[in-house]
Every structure is written in C-alpha cells, then in structure tokens.
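Have a look at the structure below before the remarks.
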Amino acid sequence: MLVNLNKILPRARRNGYAVGAFNTSNLEITQAIIGAAEVLKAPVIVATSEKAIRYAGIENISEMVIGMAKRTKIPVTLHLDHGKSYDLCRECIKHGYTSVMIDASHLPFKENVKLTRRVVRVAHAKRVTVEAEIGRLAGIEDDLAVKEKDALYTDPHEAKRFAEETECDALAVAIGTSHGAYKFKGKPRLRIDILKEIAGLVHIPLVLHGASGVKSKWINHVNRYGGQMAHARGVPDDLIRQAVRNGIAKINTDTDLRIAFTAGVREYLQKSPTDFDPRKILGLASEFIREVVADRNTVFGSKGTA
Ligand code: G3H
Ligand code: 13P
Ligand code: ZN
C-alpha cells in the first residue's frame with residue numbers, strides 16, 4: 001500500500017515508536033527493505049537521495065518502488081531524501097513520490113522557511129507530505145568550542161516557529177548525529193535535553209538523520225573479509241530508544257545497509273572464487289540487509305504496527 005507520511009508518522013509519534021526510513025538505489029536493496037518490513041509487519045519509508053536518483057534514473061527507481069509498494073499490504077512511503085531544490089521536489093512529485101524532503105537547513109532561517117513553504121504548497125496540492133530540516137547535521141567534532149557546537153544543534157524556539165510558518169509535516173532536527181560510518185570520536189552522545197525541549201514545543205513528528213548503529217558485528221564482518229573500516233562508530237541502540245521516547249517518529253538509515261551489503265559481497269566473493277553469477281553474489285548481501293532492517297525496526301518499536 002503506497003501512502004504518504006501522514007498515514008504513518010503521527011500515529012507513531014502518538015504511540016511512542018518510530019518508523020524506519022531506509023535508503024535505496026537498486027532492486028536488491030529495495031526488495032530487502034520492503035521484504036523485511038513485510039515479515040515484521042512494520043510500516044516502512046523507502047528513501048532515495050538525489051545521488052541515488054541520478055544513479056538509477058528517476059523513472060526506474062520510482063516505478064520500481066511504487067510497484068512494490070502497491071503489491072504489498074504494509075504501508076510504504078516513497079520519499080525523496082535531502083532534496084536540495086524546489087525543482088527536484090517537483091520532479092519527484094511528478095513521478096509519484098508520496099513524500100519529499102526539502103533540505104534547506106544550510107540557508108539562513110528566513111530563506112529556509114521561504115523555500116520550504118514553496119515546496120509545501122506544491123506538495124500538499126498533490127497530497128504529498130513534506131519533511132524539512134532545521135539545525136546543522138554536521139559531525140560534532142571533539143575540538144569544537146562549546147559555543148560553536150551549540151550553534152549546530154536545532155534551536156527549540158526556532159523549530160517551533162519554523163514548523164508553524166512552513167506547515168511542513170515532519171521536522172528533522174540536529175541533536176548530535178551525523179551521516180556516515182564515523183559519527184563519534186569519543187563516547188557517543190546525543191542532546192536528548194534539546195530534543196525534549198523541541199518535542200515540548202513542536203507537535204509534528206520529529207526526524208532523526210544519521211542514525212545508523214554501525215554495529216561492531218558488521219564492521220568486524222567487513223574487516224574479516226578484507227575490508228578496512230577501523231574506528232567506525234554509530235549511534236548505540238539505547239540512545240535511539242531514548243530519542244524515540246522523546247518525539248522522534250522517523251529514523252533514517254543508510255550507512256548500516258551499505259555496511260551489511262559490503263559484508264555480504266565481500267564474504268561471498270572470498271568464499272566462492274569460482275562463481276560469477278551476480279544474483280548469487282548479491283544474494284548474501286540482500287540477506288544481510290534484511291537482517292539489519294529487521295533489527296532496526298525492532299529497536300525503533302515499529303515491529304507489528306502495520
Ligand atoms: O543522507 C545521506 C544518505 O546517506 C544519502 O547518501 O547522497 O551518497 O546517496 P548519498
Ligand atoms: P546514516 O548515514 O547514519 O545511515 O544516516 C542516513 C541518513 O540520514 C539519510 O538521510
Ligand atoms: Zn540524512
């Protein structure tokens with residue numbers, strides 16, 4: 001069932017769980033995301049970045065995900081991740097996306113509001129939902145001064161004004177995560193205090209980007225089969241659960257899927273040096289992605305909610 005975010009996220013926020021948004025750029029990853037969510041009876045958001053769209057072709061990726069979504073009973077949203085322009089958001093809406101993110105978080109507040117409002121207007125006319133972002137999702141480096149660090153986090157009062165003025169459907173906040181496999185130098189830490197304050201003021205579903213767990217089980221697996229991913233570190237499950245308890249209703253995961261995919265391909269190729277069938281090579285990768293999607297959805301609490 002193809003749905004927009006409003007069919008799944010407000011309910012998630014009300015009931016204290018989060019829906020997983022997983023990035024895809026090909027057939028195998030999409031099948032694994034939707035297949036695992038089906039088994040778990042969890043709603044799921046299939047996200048494509050601008051680079052993924054360029055890689056796969058917008059017709060190919062949108063038709064594939066929409067087709068799979070329509071053929072399953074669980075709610076599936078096709079979502080543009082980190083849309084940087086009005087034109088790209090419109091292009092996605094034209095191709096049947098049920099949700100778009102306009103990420104103008106790098107712009108000054110007023111311009112972020114202006115661009116987000118423009119996207120909201122065109123999206124809502126087609127019953128497409130909009131996620132926007134306020135705050136900067138940069139890696140919070142250890143050597144930044146306290147003042148500089150604070151400037152990166154979402155300001156709760158700005159977030160309230162932003163949500164009211166833009167009428168966006170979901171809001172991504174910056175509370176200390178960053179994209180990729182190397183999120184923390186020292187002890188992983190999230191500003192749950194800031195999140196609590198935001199959640200007290202902003203009642204639409206909140207979104208956590210850069211939420212991959214980067215678990216040592218998978219890093220060790222990659223490294224065992226020839227990878228080199230020392231010092232990779234993600235967000236521990238207990239911090240994710242705290243974030244969910246405090247208003248996060250959508251959680252983005254890309255890196256964990258990439259790592260699982262890499263672990264599968266590396267293991268398969270090393271163990272089967274005579275094989276050259278792409279379906280077999282990608283088979284183990286798909287299996288590992290399913291395992292990761294199931295694990296993430298269980299941590300998010302979305303299992304059994306579809
Ligand atoms: O938010 C970032 C996602 O991991 C997408 O990454 O732009 O390389 O597709 P990408
Ligand atoms: P990760 O890099 O932690 O998987 O975050 C993905 C993300 O936020 C996609 O928008
Ligand atoms: Zn992101």
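In what follows, residues are counted from 1 in the order of the sequence shown. Fair warning: this is a prediction, and the values are worked out from it, not measured in the lab. Note that ligands are numbered from 1 as they come in the structure, with each ligand's atoms numbered from 1 the same way.
Side chains of His82 and Met101 form a contact here, defined as non-hydrogen atoms less than 4.5 Å apart. A 4.5 Å side-chain heavy-atom check between Asp237 and Arg296 finds at least one atom pair inside the cut-off. Lys84 places none of its side-chain heavy atoms less than 4.5 Å from the side chain of Leu88.
The N/O atoms of Ser178, backbone and side chain alike, include none that comes under 3.5 Å of an N/O atom in ligand 2. Below 3.5 Å of separation, one finds an N or O of Ser212 facing an N or O of ligand 2.
The structure places CG of Asp254 at 8.0 Å from OG of Ser25, a figure rounded to the nearest 0.5 Å. Here Arg13 contributes atom CZ and Ile204 contributes atom CD1; the two are 8.5 Å apart, rounded to the nearest 0.5 Å.
In summary, the atoms of ligand 2 found under 4.0 Å from a heavy atom of His209, numbered by their order in the structure, are 8 (O), 10 (O). Against a heavy-atom cut-off of under 4.0 Å, Thr253 is close to the following atoms of ligand 2: 4 (O). Numbered from 1 in the order shown, with element, the atoms of ligand 2 that lie under 4.0 Å from a heavy atom of Asn23 read 9 (C). Each of the following atoms of ligand 2 lies closer than 4.0 Å to a heavy atom of His82: 10 (O). With ligand atoms numbered from 1 in the order given, ligand 2 contributes 1 (P), 2 (O), 4 (O) to contacts under 4.0 Å with heavy atoms of Thr255.
For Lys183, the heavy-atom gap to ligand 2 drops under 4.0 angstrom.
For Asp295, the side-chain contact (heavy atoms from CB on, under 4.5 Å) partners two or more places apart in sequence, or in a different chain, are Lys215, Val299.
Between the choices Gly210, Ser49, Gly234, the shortest heavy-atom distance to atom 5 (O) of ligand 2 belongs to Gly210.
With a 6.0 Å radius and a threshold of 12 heavy atoms from other residues, nucleotides or ligands, Arg189 has its CZ atom at or below the threshold. Atom NZ of Lys303 is surrounded by 12 or fewer heavy atoms from other residues, nucleotides or ligands within 6.0 Å.
Here the protein heavy atom with the shortest distance to atom 10 (O) of ligand 2 is Asp81 OD2, 2.6 Å. For atom 7 (C) of ligand 2, the closest heavy atom belonging to the protein is His179 CD2, 3.3 Å.
The pair Arg290-Glu287 fails the salt-bridge criterion, with no side-chain N (NZ, NE, NH1 or NH2) lying under 4.0 Å from an Asp/Glu carboxylate O. Using a cutoff of 4.0 Å between basic side-chain nitrogens and carboxylate oxygens, Glu131 and Lys250 are scored as salt-bridged.
Of the residues Tyr268, Phe288, Phe261, the one that meets the ring pair (Phe, Tyr, Trp, His ring centres under 6.0 Å) test with His221 is Phe288.
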List, for ligand 1, each N/O atom that has a protein N/O partner under 3.5 Å away, with both atom names and the distance.
from, atom 1, to, atom 2, distance (Å)
ligand 1, 1 (O), His82, NE2, 3.3
ligand 1, 1 (O), His179, NE2, 3.1
ligand 1, 4 (O), Asp254, OD2, 2.7
ligand 1, 6 (O), Arg258, NH2, 3.1
ligand 1, 8 (O), Lys51, NZ, 3.4
ligand 1, 8 (O), Arg258, NH2, 3.1
ligand 1, 9 (O), Ser49, OG, 2.6

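Note: angle at the Zn ion (ligand 3), from NE2 of His179 to ND1 of His209, is 130° (rounded to 10 degrees).
Checked by atom type, the side-chain pair His124/Asp169 shows a donor-acceptor distance below 3.5 Å.
The closest approach of His82 to the Zn ion (ligand 3), by N/O/S atoms, is made by NE2.
Here Ala211 has backbone heavy atoms under 4.0 Å from ligand 2, and that is the only part of it that gets that close.
The aromatic rings of His209 and His179 stand perpendicular to each other, their planes meeting at an angle above 60°, with 30° marking the opposite boundary.
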